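Worksheet for the structure shown next.
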Amino acid sequence: MSSPASLRDNWQYDVPTSGSTHLPPDAGYAKALTNQGYSFEAAVADLVDNSIDAGADSVVVHFLRDTDRIVSLLVLDNGRGMDAAGLDHAMTVGRRREYTGQALGMYGTGLKAASLSHARSLTVISRTKRSSPAGRKLTAEGIEDGFRCDTVDPHFAQQQIDVYDGLIEWQGTIVRWDKVRAFETVAAGQSEQFLSKAISQLETHLGLYLHRFLARGLKLDIAVWDVSTGEETDHIAVDPLDPFGYKVPGRSGYPKKFLAPVERAGEVALEAHIWPAKSNLAGFRQIGPLQERQGFYFYRNDRLVQAGGWNNLRVSEGHMVLARIAVDLPDDGAGVFSLTVKKDGVEVTPAFTIGVEQATDADGTSFRTFLDEAEAAYREGASRSVIERPSVIEPGKGFDPKVKRAVREELPLKAGEEPIRIEWVSLPEDRFFELDRDSYGILLNKDFRDDFNDGRRGGANDAPVSKTLLYLLLQDCFGLGRWEKKRADRIDYWNSILLASVQAQRDRRNRTGS
């Protein structure tokens, strides 16, 4: 072993070289590319990021099903689109494109890694204002075969664009996943439950991580199409889920702005918030476990990239669940901040936590005071008595998302129960509705559908007021062991009264000629 003196004499701060060799990636890289650990929601969010970077103001996430089988997922946008050369660049594995200062993309791998983490086949079809529709198809097998990328038949590309001409009129892009692993594992008869859960989780994730864009007007929808019938069976608009969207703060004087002196990164602004105790608002309770949602919320170019966590400043504790801090990452973080490839977390160096501990507001109040006041607000709230409200079975398919969110905010939900769905079906003319108690369904007579939509074609979540009133009246009829005659009689006379109300509405329309 060399002596300390010998090591000192031969030490160099840079390793010298005497030549170089180009080492292209091995085809086995496909396995690494498809195992990046993306959750389903994070993968779809990465595709929406690309749409936003392309200037889209309208994006649709489409699940395609064939009766009881889920077959594909598409993300459609009306952004700038790509020509053939642009598609080649986008589908090149390992190619990093140039990003503008406000772009949401960073590493150039999201489209391929996010997609192939969940699907064995990725197709991108696009058009610009100056180019015809073109498409490329990339598969894990193709990557193993020398990074082969297939050209989509131009007629098929045009056909796909034509199908979605309501969204992609002059320009736009379709990203399509086929052979999706999660879809292939859905058991027969379970597609409805799978879609309900997947859409709910996706709605929450997109609503949270893109809440600033949604609040500014980005139109983001999730829809389900049945390819066998050509009908849309579900459609929801994603609303912003603001993790700082309380009406009144939990402590007067908040939010407060603290400045943290972070070595190399300069002063980093910390916007400290204290939520009101026991809030039922969606931005507090419905974005994940409260214990995990306390702490820092990092944003990069207005896109949320971390939703909670203390980044080694402290540990998460129950009495700190009201404390949340918004941090907009500086353009040049000087190596202090490192964003994960999946954009679901931020690594920081000790310089950040040291700076936070030294942070003060304009009056010289320390960041430590904020933490103490957040804890005090929690303890004061815990001591207040509240009126116990009855628990309910949550509304599911067929109810507008705003209604579902309001129910979750206002009432405790019964655990272990399937959501109640509501849908229009064929029923005898003397029945306004029926109950499918075994599968938790409120069935409405579709002969009366036009009466509740003013003659317009109703969507999957139509007639929200009527559906909500029926839900409130009927939700306690589900999850019961014994069906009492008294309840059955109530259903009968409600049907008679509601049928009379429909006839009264039709008579009124006939008299006014509308």
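No experiment lies behind these values; they were computed from the predicted model shown.
- A side-chain donor-acceptor contact under 3.5 Å links S279 to the backbone of L281.
- No donor-acceptor pair closer than 3.5 Å links the side chain of R449 to the backbone N or O of W424.
- At distances below 3.5 Å, at least one donor-acceptor pair connects side-chain atoms of N280 with backbone N or O atoms of E409.
- Taking OG of S121 as the reference point, atom CG of L138 lies at 8.5 Å (rounded to 0.5 Å).
- Aromatic ring pairs are classed by plane angle as parallel below 30°, tilted from 30° to 60° and perpendicular above 60°; the pair Y299 and F244 is tilted.
- Looking at E375, E373, E380 one by one, the single match for salt bridge (charged side-chain N to carboxylate O under 4.0 Å, His left out) with R251 turns out to be E380.
- Aromatic rings of F40 and H118 (six-membered ring for Trp) have centroids within the 6.0 Å cut-off, being under it.
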ask   = Are L76 and T173 close enough, and set up right, to give a side-chain contact (heavy atoms from CB on, under 4.5 Å), and what steps lead you there?
value = CA-CA 6 Å; L76 322 159; T173 299; over 6 Å; no
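- Closest of all the heavy-atom pairs between A45 and R303 is CB-NH2, 3.6 Å.
- Under the 4.5 Å side-chain criterion, counting only non-hydrogen atoms from C-beta, C149 is not in contact with D88.
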task = With side-chain contact (heavy atoms from CB on, under 4.5 Å) as the test, would you mind laying out the steps for V327 and Q306 before giving the verdict?
result = CA-CA 10 Å; V327 183; Q306 178 175 304; over 6 Å; no
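- Taking 4.0 Å as the cut-off between side-chain N and carboxylate O, D178 and K137 do not count as a salt-bridged pair.
- Counting heavy atoms from C-beta on, the side chains of Y378 and M320 never come closer than 4.5 Å.
- Between P243 and R293, every side-chain heavy-atom pair lies at or beyond the 4.5 Å cut-off.
- Between V124 and M82 there is a side-chain heavy-atom pair separated by less than 4.5 Å.
- In this structure a side-chain-to-backbone donor-acceptor pair under 3.5 Å is missing from R127 to G81.
- At distances below 3.5 Å, at least one donor-acceptor pair connects side-chain atoms of R181 with backbone N or O atoms of S117.
- Under the 6.0 Å cut-off for aromatic ring centres, Y297 and H273 do not qualify, their centroids lying 6.0 Å or more apart.
- Counting heavy atoms from C-beta outward, D234 and L195 have side chains that stay 4.5 Å or more apart.
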message = Go through it in stages, so that I can follow the logic: the residues are F284 and L322, the test is side-chain contact (heavy atoms from CB on, under 4.5 Å), and I'd like the CA-CA distance, side-chain angles, deciding distance and then a yes or no.
response = CA-CA 9 Å; F284 184 63; L322 305 182; 3.8 Å; yes
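- For H235, the side chain to side chain contact (heavy atoms under 4.5 Å, CB included) partners at least two apart in sequence or on another chain are D221, A223, E232.
- Residues passing the side chain to side chain contact (heavy atoms under 4.5 Å, CB included) test with S58 are N78, L167, K219, sequence neighbours excluded.
- Between W177 and L47, some side-chain heavy-atom pair lies under the 4.5 Å cut-off.
- Looking at L435, D436, D438, V392 one by one, the single match for side-chain contact (heavy atoms from CB on, under 4.5 Å) with F478 turns out to be L435.
- When all heavy atoms are compared, the tightest approach of P401 to I236 is CG-CB, 3.4 Å.
- Between the OG atom of S115 and the CZ atom of R120 there is a distance of 14.5 Å, given to the nearest 0.5 Å.
- Within a 6.0 Å sphere centred on CD of E347, heavy atoms belonging to other residues, nucleotides or ligands number 12 at most.
- Aromatic ring centroids of F337 and F352 lie under 6.0 Å apart.
- In this structure a side-chain-to-backbone donor-acceptor pair under 3.5 Å is missing from T233 to W225.
- Scored by the side chain to side chain contact (heavy atoms under 4.5 Å, CB included) test, T128 finds R130, S131 as partners (sequence neighbours excluded).
- With salt bridges taken as basic N to acidic carboxylate O contacts below 4.0 Å, none links D49 and R300.
- Proximity of K404 to N461: side-chain heavy atoms (C-beta onward) are nowhere separated by under 4.5 Å.
- Side chain of R421 to backbone of S439: a donor-acceptor contact under 3.5 angstrom is found.
- Side-chain atoms of T204 never come within 3.5 Å of backbone atoms of Q201 as a donor-acceptor pair (strictly under, hydrogens ignored).
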inquiry  = L470 vs F432, test: side-chain contact (heavy atoms from CB on, under 4.5 Å). Steps then yes/no.
reply    = CA-CA 11 Å; L470 277 172; F432 181 85; 3.9 Å; yes
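- For the atom pair CZ (R314) and OG (S316), the distance works out to 8.5 Å, reported to the nearest 0.5 Å.
- Atom CG in D68 sits 8.0 Å away from atom CD in E192 (nearest 0.5 Å).
- In this structure, S51 and V59 approach most closely via the heavy-atom pair CB-CG2, 3.8 Å.
- By the neighbour-count criterion of 12 heavy atoms within 6.0 Å, atom CZ of F296 is densely surrounded, having more than that number from other residues, nucleotides or ligands.
- A distance-only check finds no donor-acceptor pair linking the side chain of K446 to the backbone of L427 [under 3.5 Å].
- Taking the side-chain hydrogen bond (donor to acceptor under 3.5 Å, both in side chains) definition, one finds that D66 meets it with nothing, sequence neighbours left out.
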request  = Step by step, work out the salt bridge (Lys or Arg N to Asp or Glu O under 4.0 Å) result for D328 and R212.
outcome  = CA-CA 12 Å; D328 285 282; R212 289 184 176 179; 2.8 Å; yes
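- Every side chain to side chain contact (heavy atoms under 4.5 Å, CB included) that Q159 has, sequence neighbours left out, goes to F156.
- Going from atom CD of Q160 over to atom OG1 of T123 covers 9.0 Å, rounded to the nearest 0.5 Å.
- Judged purely by atom type and a 3.5 angstrom limit, R324 has no side-chain atom pairing as donor or acceptor with the backbone of E271.
- Between E41 and Y209, the closest side-chain pair of non-hydrogen atoms is not below 4.5 Å.
- The 12-atom threshold is exceeded at NZ of K414, counting heavy atoms of other residues, nucleotides or ligands nearer than 6.0 Å.
- When all heavy atoms of Y246 and P255 are compared, the closest pair comes out as OH-CD, 3.7 Å.
- Listed by chain and residue number, Y254, F367 satisfy the ring-ring contact (aromatic ring centres under 6.0 Å, His included) test with F370 (two or more places apart in sequence, or in another chain).
- Ring pair F63/F183 is tilted by interplanar angle, where 30° to 60° counts as tilted.
- Look at E423 and K397 and you find no salt bridge, because none of the NZ, NE, NH1 or NH2 atoms lies under 4.0 Å from a carboxylate O.
- Applying the 6.0 Å contact sphere to NZ of K467 captures more than 12 heavy atoms from other residues, nucleotides or ligands.
- Expressed to the nearest 0.5 Å, how far CG of L371 lies from CD of Q294 amounts to 10.0 Å.
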